[in-house]
Amino acid sequence: MWRRVASLSPMISSSSPSRSLARNQAAFGLNIRESFATEISKPEEGAKSPFITFVLGGPGSGKGTQCEKIVETFGLTHLSAGDLLRREIAMHTKNGDMILNLIKDGKIVPSEVTVKLLQKELESSNSSKFLIDGFPRTEENRVAFERIVGADPDVVLFFDCPEEEMVKRVLNRNQGRVDDNITTMKKRLKIFEALNRPVIDYYKNKGKLYTINAVGTVDDIFKQVLPIFTPFEEQLKQSRHVNPKSPLVENSS
């Protein structure tokens with residue numbers, strides 16, 4: 001889908017909620033960068049760029065359920081950066097062992113590593129429309145994706161939910177980690193806010209961010225999502241794997 005045209009992209013400094021994270025990243029950035037020399041890709045001349053939706057939201061925001069409904073309705077191919085990293089670990093690849101060791105040591109997996117995995121999925125897929133769940137988490141993620149993949153998202157959804165509601169959902173519905181409690185959840189949410197807010201603000205300023213009130217029933221929340229894709233009706237209908245029950249199809253008759 002894209003032509004590889006350049007060499008290693010530089011490591012971009014990320015905003016971090018703690019100095020220890022920044023030190024870890026700086027200390028290990030050079031070695032990881034050398035190991036994962038990612039080429040910058042640009043769309044081939046005359047080739048169509050993929051339709052890309054980023055979905056953002058903190059733990060307990062309900063974005064996972066909404067992602068399932070979006071994929072089912074519009075036929076987008078679902079990609080999760082976290083799932084791709086976990087798959088590398090589960091397959092015991094050389095990269096997976098490195099990723100696991102970084103995580104065990106409390107270090108951040110460099111953006112180039114994550115973006116390279118996403119890029120591989122984008123380039124190898126027969127689909128031309130994608131939903132990327134929980135990404136980009138940081139400004140470094142965002143910049144690396146745009147530089148390496150050479151594509152901007154068409155839509156960025158942000159599921160905005162009060163902290164108390166997210167804590168309640170995770171703790172009461174067993175959606176989080178086994179060791180989650182009120183203290184750890186509030187810490188996770190604080191880290192999410194510190195890392196993700198610059199990304200949210202960036203896409204808001206570019207006019208690509210759609211903020212969803214994530215309080216209410218699944219169907220009520222999804223009613224806010226549906227109109228967002230209306231301007232992209234023709235582009236989505238021309239892509240493969242459109243659900244025949246999709247509102248886009250029903251409205252076209």
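Just so you know, residue 1 is the first one in the sequence shown, and it goes up from there.
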Peer 1: Do the side chains of E146 and D152 get nearer than 4.5 Å, heavy atoms only?
Peer 2: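 Touching, per the 4.5 Å side-chain cut-off.
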
Peer 1: Rounded to the nearest 0.5 Å, what separates atom CD in E72 from atom SG in C67?
Peer 2: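 Rounded to the nearest 0.5 Å, the CD-SG separation comes to 13.0 Å.
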
Peer 1: Could you check whether E88 pairs with K94 (Lys NZ or Arg NE/NH1/NH2 to Asp/Glu carboxylate O, under 4.0 Å)?
Peer 2: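 No.
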
Peer 1: Parallel, tilted or perpendicular for F145 and F54, by the 30°/60° rule?
Peer 2: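 Judged by the thresholds at 30° and 60°, the geometry between F145 and F54 is perpendicular.
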
Peer 1: Taking the side chain as every heavy atom from C-beta outward, state whether V199 and N196 have any atom pair closer than 4.5 Å.
Peer 2: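 Result yes, sub-4.5 Å side-chain heavy-atom pair found.
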
Peer 1: Is there a side-chain contact between V143 and R147 in this structure, where contact means two heavy atoms from C-beta onward sitting under 4.5 Å apart?
Peer 2: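 Yes. Closest side-chain heavy atoms under 4.5 Å.
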
Peer 1: Centre of Y202's six-membered ring, under 6.0 Å away, within 45 degrees of the axis: is that where NZ or CZ of R142 sits?
Peer 2: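 Verdict for Y202: a cation-pi partner in R142.
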
Peer 1: List the atom of L76, the atom of F130, and the distance in Å for their closest heavy-atom pair.
Peer 2: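 L76 and F130 have their closest heavy atoms at CD2-O, 3.5 Å.
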
Peer 1: Provide the closest heavy-atom pair for R87 versus E121 in the form atom of the first, atom of the second, distance.
Peer 2: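 Where R87 meets E121 most closely, the heavy atoms are NH2-OE2, 2.8 Å.
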
Peer 1: Nearest 0.5 Å please: distance from the CD atom of E193 over to the CD atom of E163.
Peer 2: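 Rounded to the nearest 0.5 Å, the CD-CD separation comes out at 9.5 Å.
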
Peer 1: Please test F159 against N213 for side-chain contact (heavy atoms from CB on, under 4.5 Å), starting from the C-alpha separation and ending with a verdict.
Peer 2: CA-CA 6 Å; F159 288 91; N213 178 5; over 6 Å; no

Peer 1: Which value, rounded to the nearest 0.5 Å, describes the distance between L226 atom CG and I221 atom CD1?
Peer 2: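 CD1 of I221 is found 12.5 Å from CG of L226.
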
Peer 1: Test your reading of the model: is there a side-chain donor-acceptor pair from N172 to the backbone of V167, 3.5 Å cut-off?
Peer 2: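 Here the side-chain-to-backbone pair does not exist.
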
Peer 1: What's the shortest heavy-atom distance between G96 and I89, and which atoms?
Peer 2: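 Answer, listing the atom of G96 first, then I89: O-CG1, 3.6 Å.
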
Peer 1: Using the ring of F222 (Phe, Tyr or Trp, six-membered ring only), decide whether K69 places NZ or CZ under 6.0 Å from its centre and within 45 degrees of its axis.
Peer 2: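 The answer is yes, since K69 meets both limits relative to F222.
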
Peer 1: How about T211 and D160: does a side-chain donor come under 3.5 Å of a side-chain acceptor?
Peer 2: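 No.
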
Peer 1: I need the H78 NE2 to S127 OG distance, nearest 0.5 Å.
Peer 2: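 Answer rounded to 0.5 Å: 13.0 Å.
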
Peer 1: Is there side-chain contact between D201 and L209, with at least one heavy-atom pair below 4.5 Å?
Peer 2: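 No, their side chains stay 4.5 Å or more apart.
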
Peer 1: Heavy-atom distance under 4.5 Å between the side chains of F51 and F229, does that happen here?
Peer 2: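 Yes, side chains in contact.
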
Peer 1: Would you name the heavy atoms of R188 and P59 that are closest together and state the gap between them?
Peer 2: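 Minimum heavy-atom separation between R188 and P59: NH2-CB, 3.4 Å.
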
Peer 1: State plainly whether the residues E112 and K116 are in salt-bridge range, i.e. N to O under 4.0 Å.
Peer 2: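 Between K116 and E112 there is no salt bridge, as every charged N stays at least 4.0 Å from the carboxylate O atoms.
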
Peer 1: Is the closest side-chain heavy-atom distance between L157 and I228 below 4.5 Å?
Peer 2: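 When only atoms from C-beta onward are counted, I228 and L157 do touch, with a gap below 4.5 Å.
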
Peer 1: Just verifying a value: how many Å separate T77 OG1 and N126 CG, rounded to the nearest 0.5 Å?
Peer 2: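 Answer rounded to 0.5 Å: 9.0 Å.
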
Peer 1: Using modelled atom types only, decide if a donor and an acceptor are shared between the side chain of R169 and the backbone of S61 within a distance under 3.5 Å.
Peer 2: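 Here the side-chain-to-backbone pair exists.
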
Peer 1: Give the intermediate values and the outcome of salt bridge (Lys or Arg N to Asp or Glu O under 4.0 Å) for residues D83 and R86.
Peer 2: CA-CA 5 Å; D83 286 348; R86 284 186 286 271; 2.6 Å; yes

Peer 1: Checking V55 against Q66 for the side-chain contact (heavy atoms from CB on, under 4.5 Å) test, could you report, in this order, the C-alpha distance in whole Å, the side-chain angles of both residues, the deciding distance, and whether it holds?
Peer 2: CA-CA 9 Å; V55 181; Q66 294 299 319; over 6 Å; no

Peer 1: Apply the test side-chain contact (heavy atoms from CB on, under 4.5 Å) to residues L56 and I200: give CA-CA distance (whole Å), side-chain angles for both, the deciding distance (0.1 Å), then the verdict.
Peer 2: CA-CA 8 Å; L56 309 177; I200 293 167; 4.0 Å; yes

Peer 1: Checking T184 side chain against N181 main chain: does a donor-acceptor pair fall under 3.5 Å?
Peer 2: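 Flag set: sc T184 to bb N181 pair under 3.5 Å.
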
Peer 1: Between L118 and I132, is any pair of side-chain heavy atoms under 4.5 Å apart?
Peer 2: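 They are in contact (side-chain heavy atoms under 4.5 Å apart), so the answer is yes.
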
Peer 1: State whether the number of non-hydrogen atoms from other residues, nucleotides or ligands found under 6.0 Å of I103 atom CD1 is greater than 12.
Peer 2: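 Buried by this count: over 12 neighbours within 6.0 Å.
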
Peer 1: What do the steps show when you test R137 against L195 for side-chain contact (heavy atoms from CB on, under 4.5 Å), and what is the final call?
Peer 2: CA-CA 6 Å; R137 291 182 181 275; L195 293 176; 5.6 Å; no

Peer 1: Can you measure from CD (Q224) to OH (Y210) and round to the nearest 0.5 angstrom?
Peer 2: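 That separation rounds to 14.0 Å.
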
Peer 1: Over all heavy atoms of both residues, which pair between L102 and P110 is shortest? Give the atoms and the distance, please.
Peer 2: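 It is CD1-CD, 3.9 Å.
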
Peer 1: Are D154 and K208 ion-paired here, with the side-chain N under 4.0 Å from a carboxylate O?
Peer 2: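 Looking at K208 together with D154, the answer is no, because their closest N to O distance does not fall below 4.0 Å.
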
Peer 1: Count the heavy atoms of every other residue, nucleotide or ligand shown that sit under 6.0 Å from NZ of K206, and state whether that count exceeds 12.
Peer 2: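 Yes, the 6.0 Å shell around NZ holds more than 12 heavy atoms from other groups.
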
Peer 1: Do you reckon I182 sits in the same ILVMFWY cluster as L189, going by side-chain contacts under 4.5 Å, direct or chained?
Peer 2: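 Yes: a chain of side-chain contacts under 4.5 Å links I182 to L189.
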
Peer 1: Are any of the side-chain heavy atoms of V225 and I70 separated by less than 4.5 Å?
Peer 2: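 Answer yes - side chains close enough.
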
Peer 1: For L131, is there any backbone N or O sitting under 3.5 Å from a side-chain donor or acceptor partner on T53?
Peer 2: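 Not a single qualifying donor-acceptor pair exists.
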
Peer 1: Is the centre of the F232 ring less than 6.0 Å from the centre of the F74 ring?
Peer 2: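 No; F74 has its ring centre 6.0 Å or more from that of F232.
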
